[in-house]
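Note that the structure is predicted; figures quoted are calculated from it, not measured. The basis for the numbers below is simple: all heavy atoms, side chains too, and nothing from hydrogens, waters or symmetry mates.
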Amino acid sequence: MAVASLSAEGAAGRLAWSIPAVFGVMGGIQLGLGVWWGVLTLLLGVGLALRDARPLLAALALLGAALGFGAERLVTGRADPLAPWLGAQVTLTGEWDGQFLTLADPRARLAVAPKPTSKPGRLVVSGRLVAPEGQRTPGGFDQAAWLRAQGGVLLPTPTAVLVAARVRGSQAEGGLRGWFRRGLTAGLPAREAALMTAIELGDRNDIGREEFTEGYGIRDGFNRSGLAHLMALSGQNVALITVVLIWLFGWLRWPPLWRYGVPALLLLPYLALVGVSPSITRAVIMGFTVLAALALGRGRPDPFGLLALTAVVCLLLFPLWLLDIGFQLSFLAVLALTLSLKAAGKLPERWPLWLRLALVATVLAELGTLPVIAATFGQLPVVGLPANLAAGAVMTALVPLGFLAGLLGPAAAVINPLVELLAALLLGIVKVFGQAPVLTWGQVSPAGFAAYAVCAAAGVLWLWDRVRLRTVLGVALACTLLTVLPGKLHPPREIVYLDVGQGDATLVRLPHLTVLVDAGGSVGSDYDVGGKTVVPALRALGVRKIDVVIGTHADTDHMEGISGVLRALPVGELWIGQRKTDDPVLTAVLGAAQEAGVPVREVRRGDQIASDGVSLTVLWPTGQVWSTEDNENSVAVRLESGSWHTALLGDLPDPAEHFLGLGHLNLLKVAHHGSRFSTDAELLRETAPADAVISVGRNTYGHPNPEMLTRLTTAGAKVWRTDQQGTIRWPIP
């Protein structure tokens, strides 16, 4: 019935019933989340139905809103089964799928950090249960929101994170999925095996640990080349596998009912094999509907009605997918691809149709997802078109062959030499194109999304021959100027204390000067704070280059992340204090500076840089005598803007603080994360700050020290902490 109505209404030019319904469902979910403009989404669905002169469809939109609201309440209103154990040290046994640990009693799912290197299967793991964190830095990962979006009506929502996790025991998964995984990796080198696991099962854990060269991860290469979607199971996987099956069954001369019906039915166990995610669920539902229509002789369904129907099913089962980036990208890309024939018609007719479709498909998918990609990842690939054309040819053979290898299990060692060759070729394409420059992007404001919508509407009208190309170009130019000019007319003047957990990273932003003081680090972990936390934050803030990076001293939690920053962004100069020759952290940073061609300057008291009425002066070290303690050699700087003063003191302890001559400070960046050995009463009497910022995270050192906090309160300073407020942005007068 659904297939028939979709097809018939699409042919008659009338509105498919699923379109008002999906706007109703989305509006209901938004209202359940407390988003007031969900009313506008609902009214849009009702308005479309009434414009089509079909009151019953308007009622359907209202019904969809009620169902969407109810689904959202059902998912978000559940009691947290792990709440009684938050903060406790626990040992848990459950099924690990590479992403979440699923417990049987209580029935719950949770994230594990750091992610176990064990293969999916039964896992015994110990650690401390904590509540997930929200977004702590601009452009940073909102773990709490992401976890909420992973639950559904029939699937428990992950509600906690097991931190400092240690695997106590593991047992590899069995069954079809275990068999399939063994086939994917049989006889393959580690890098190619990790790639096939990502492409065929969507498990990106192993590929995330692989590198082309030091500091150049394979996943970074996929992102920079515009090929990240190849590791997200989607319509490409479904299309390639079903096309092979349809061809095979056609060669066997099966009638249409079997030729299309069997692949349609096989999609359901395929979804169970690879697991539920927004993109693959969308692809399976759409593929099943199209194949069922062809099997029954109904023809191809209306693409817009089919897309809306798929969204209705997904959102009623997983209402918070509406906020999931994967869901948004998947549907936006497919929506853009519906314009492929129109766009191909704009290219020279002498070109083969397959070539025109291949060209416009990549461009349309990139344009359709542009605002979400820019807002989420802070960068846009510039080589997406050639990279996708090259990689697409390899994927056409690699995906079906890899799927066959999975079905063969351990016997796949017979065909995996060919798989290895194709996988190595794909990795070579990624490596080459991943070294191309990317277009960095700052945070996208509501005005930016509105400007994009206007440009997109103009582009669609041009494809439908309603407006001329010069009109589209004029609209794009006007929207660009309107979104760029405000930032140019009112450039930032601020200090940004980035929340990097237990560590330091402070950004000084002026119209003509950008200075980064430290970039955090992760003690006892291989997590790249610089590349995965600081760099995304800088891009989200619109920072495309840094004039000066200051590494205060060679402690991991201050300097380690600088290496990732030097690799990712153009840097004018690196300032350090003591040039130690036996410290691995400093050696790594200096090596990264040499690779990037960044000059290194050893600064001393009195060195200064000034711009836009602001001066930054080095107060320490003097360079005459070095301490055996790194903290006592910290680079300390004073920032002055007229009568407004502040200082950044690294990890200087209280004896050294007294030699700086700080004078009065309006704002004090508390040294050493609030250690009891820094910021004593004498310093506070000298500086008399009205406000004090402490950069601190979860730690075992007792930071910030209660005695030190009492000293600040007694001195009349208001305390701001990154572990409580997240990233702190402070305007420079």
Side-chain angles (χ1 to χ4, degrees), residues 10 13 15-16 19 22-23 26 40-41 44 47-48 51 226 228-229 234-235 282 302-308 311 325 327-349 351 353-389 392 438-486:
L15 191 68
I19 294 178
V22 75
F23 282 114
M26 289 192 297
L40 301 180
T41 308
L44 177 60
L48 288 173
R51 183 178 180 274
H229 63 91
S234 62
R282 187 268 311 158
D302 166 40
F304 298 107
L306 174 59
L307 194 61
I325 299 300
F327 179 87
Q328 296 167 6
L329 292 177
S330 182
F331 277 85
L332 286 173
V334 175
L335 186 62
L337 289 175
T338 59
L339 300 169
S340 293
L341 284 176
K342 287 288 183 181
K346 297 293 185 179
L347 297 177
E349 291 187 3
W351 294 6
L353 180 60
W354 66 266
L355 177 60
R356 286 185 282 158
L357 288 174
L359 290 172
V360 300
T362 299
V363 174
L364 287 172
E366 290 187 352
L367 291 177
T369 58
L370 187 149
V372 178
I373 292 287
T376 304
F377 303 107
Q379 63 180 24
L380 294 171
V382 296
V383 293
L385 180 57
N388 274 278
L389 290 175
V438 295
L439 179 62
T440 58
W441 212 275
Q443 288 179 310
V444 181
S445 66
F449 282 106
Y452 167 82
V454 172
C455 292
V460 171
L461 290 175
W462 172 67
L463 289 177
W464 286 89
D465 297 320
R466 302 293 176 85
V467 299
R468 296 181 177 180
L469 180 59
R470 63 185 181 185
T471 302
V472 178
L473 296 177
V475 169
L477 178 61
C479 288
T480 301
L481 290 175
L482 289 174
T483 53
V484 168
L485 280 178

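- Every residue two or more places apart in sequence or in another chain that forms a ring pair (Phe, Tyr, Trp, His ring centres under 6.0 Å) with Phe327 is listed here: Phe331.
- For residues 353-370, the set of pairs meeting the side chain to side chain donor-acceptor pair (under 3.5 Å) definition, not counting sequence neighbours, is empty.
- The shortest side-chain heavy-atom distance between Phe304 and Leu15 does not fall under the 4.5 Å cut-off.
- Closest of all the heavy-atom pairs between Asp302 and Ala16 is OD2-CB, 3.8 Å.
- Counting only heavy atoms from C-beta outward, the side chains of Leu357 and Leu341 approach each other to under 4.5 Å.
- At distances below 3.5 Å, not a single donor-acceptor pair connects side-chain atoms of Thr376 with backbone N or O atoms of Ile373.
- The structure places CG of Leu332 at 9.5 Å from CG of Leu307, a figure rounded to the nearest 0.5 Å.
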Which pairs would a plain distance check flag for residues 444-463, meaning a side-chain donor or acceptor within less than 3.5 Å of a matching protein atom at least two apart in sequence or in another chain?
{"residue": "Ser445", "atom": "OG", "partner": "Ala447", "partner atom": "N", "Å": "3.4"}
{"residue": "Ser445", "atom": "OG", "partner": "Gly448", "partner atom": "N", "Å": "3.2"}
{"residue": "Tyr452", "atom": "OH", "partner": "Leu367", "partner atom": "O", "Å": "2.7"}
{"residue": "Tyr452", "atom": "OH", "partner": "Gly368", "partner atom": "O", "Å": "3.4"}

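- Nearest heavy-atom pair, Leu364 versus Ala343, reported as atom, atom and distance to 0.1 Å: CD1-CB, 4.0 Å.
- Sorted by first and then second residue, the pairs that involve residues 329-348 and meet side chain to side chain donor-acceptor pair (under 3.5 Å), not counting sequence neighbours, are Arg282-Ser330, Lys346-Asp465.
- Counting only residues at least two apart or in different chains, side chain to side chain donor-acceptor pair (under 3.5 Å) contacts with residues 377-386 comprise Gln379-Arg539.
- In this structure Phe377 satisfies the ring pair (Phe, Tyr, Trp, His ring centres under 6.0 Å) test with no other residue, sequence neighbours excluded.
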